[in-house]
Amino acid sequence: MTLTEILPTLRLSIPDPLEIGYWPLHTHATVSDVIVAGVSLTRLVDLNGTPAVLTGDLPRPGMPHARALGGGTDVTVLVFRVTLRVDTQEDKRIALTDCTFDGVSAQWGECRLIGRASTSKSTRIELIPGDVGGASWPHPVVLLPGDLREGDLLAVPCTGAVALHDVRPRPGAAGGEPRVSATLVVARTDAS
């Protein structure tokens with residue numbers, strides 16, 4: 001457990017620590033961003049939109065966990081946006097995203113909010129990919145600030161080299177429209 005998990009208000013003055021073995025070489029965190037080899041991930045999104053990917057070398061390519069995961073010496077940082085945030089009546093927290101996770105070996109324990117600092121306590125949030133029609137279940141459940149909201153940016157390191165076309169929602173079969181759920185239905189029963 002880190003100090004920023006115990007006292008979330010510290011996130012305004014010190015960044016959440018990174019497990020550096022999962023991120024590309026020359027990566028460091030700031031209070032509201034991650035810098036990879038001098039490239040700000042929030043600036044990358046400003047220039048290219050989301051989802052965005054940035055590939056680099058593992059800090060120590062000979063690390064046993066890298067060999068075990070089969071990623072070679074590459075690691076890719078995936079940056080994506082929350083498109084909808086919902087809390088259900090059963091206390092389940094859900095965030096829809098603008099990318100897909102199929103075929104990506106993400107290190108979900110390292111997923112982090114970028115673009116703003118949050119002093120909210122971390123909570124488990126289920127991430128549902130934008131390509132819900134073809135997404136595999138179960139969806140990743142990650143620890144993120146409880147005040148996560150629509151428009152927030154998330155960054156997560158992924159084992160190996162990931163291409164942008166691997167994480168973009170795939171077009172549907174008819175009409176070329178993406179298979180992104182336009183609505184999320186939450187059942188409600190009134191006792192009266």
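Side-chain atoms are counted along with the backbone in the values below, which use heavy atoms only and exclude waters and symmetry mates.
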Pairwise distance OG(Ser32) to CG(Asp16) - rounded to 0.5 angstrom:
11.5 Å
Donor-acceptor pair, side chain of [X] and main chain of [Y], under 3.5 angstrom:
{"X": "Asp33", "Y": "Thr30", "result": "no"}
{"X": "Thr76", "Y": "Gly160", "result": "yes"}
{"X": "Asn48", "Y": "Val45", "result": "no"}
{"X": "Arg168", "Y": "Asp166", "result": "no"}
{"X": "Arg85", "Y": "Leu148", "result": "yes"}
{"X": "Glu110", "Y": "Glu19", "result": "yes"}
{"X": "Arg81", "Y": "Leu154", "result": "no"}

Under a single-linkage definition using a 4.5 Å side-chain heavy-atom cutoff for Ile, Leu, Val, Met, Phe, Trp and Tyr, are [X] and [Y] assigned to the same hydrophobic cluster?
{"X": "Val79", "Y": "Val156", "result": "no"}
{"X": "Val167", "Y": "Val82", "result": "yes"}
{"X": "Val53", "Y": "Leu127", "result": "yes"}
{"X": "Trp23", "Y": "Leu54", "result": "yes"}
{"X": "Leu78", "Y": "Leu44", "result": "no"}

What I want to check is whether the side chains of [X] and [Y] have a donor and an acceptor closer together than 3.5 Å.
{"X": "Thr55", "Y": "Asp74", "result": "no"}
{"X": "Ser118", "Y": "Ser120", "result": "no"}
{"X": "Glu150", "Y": "Thr83", "result": "no"}

Mind checking whether Trp108 and Phe101 have ring centres under 6.0 Å apart?
yes
Would you check if [X] and [Y] make a side-chain contact, meaning some heavy-atom pair closer than 4.5 Å?
{"X": "Val75", "Y": "Cys158", "value": "no"}
{"X": "Asp98", "Y": "Pro169", "value": "no"}
{"X": "Lys121", "Y": "Pro145", "value": "no"}
{"X": "Leu18", "Y": "Arg112", "value": "yes"}

Residues at least two apart in sequence or cross-chain that pass side-chain hydrogen bond (donor to acceptor under 3.5 Å, both in side chains) with Arg124, listed by chain then number, are none
Check this for me: does any side-chain nitrogen of one of Lys92 and Glu126 sit under 4.0 Å from a carboxylate oxygen of the other?
yes
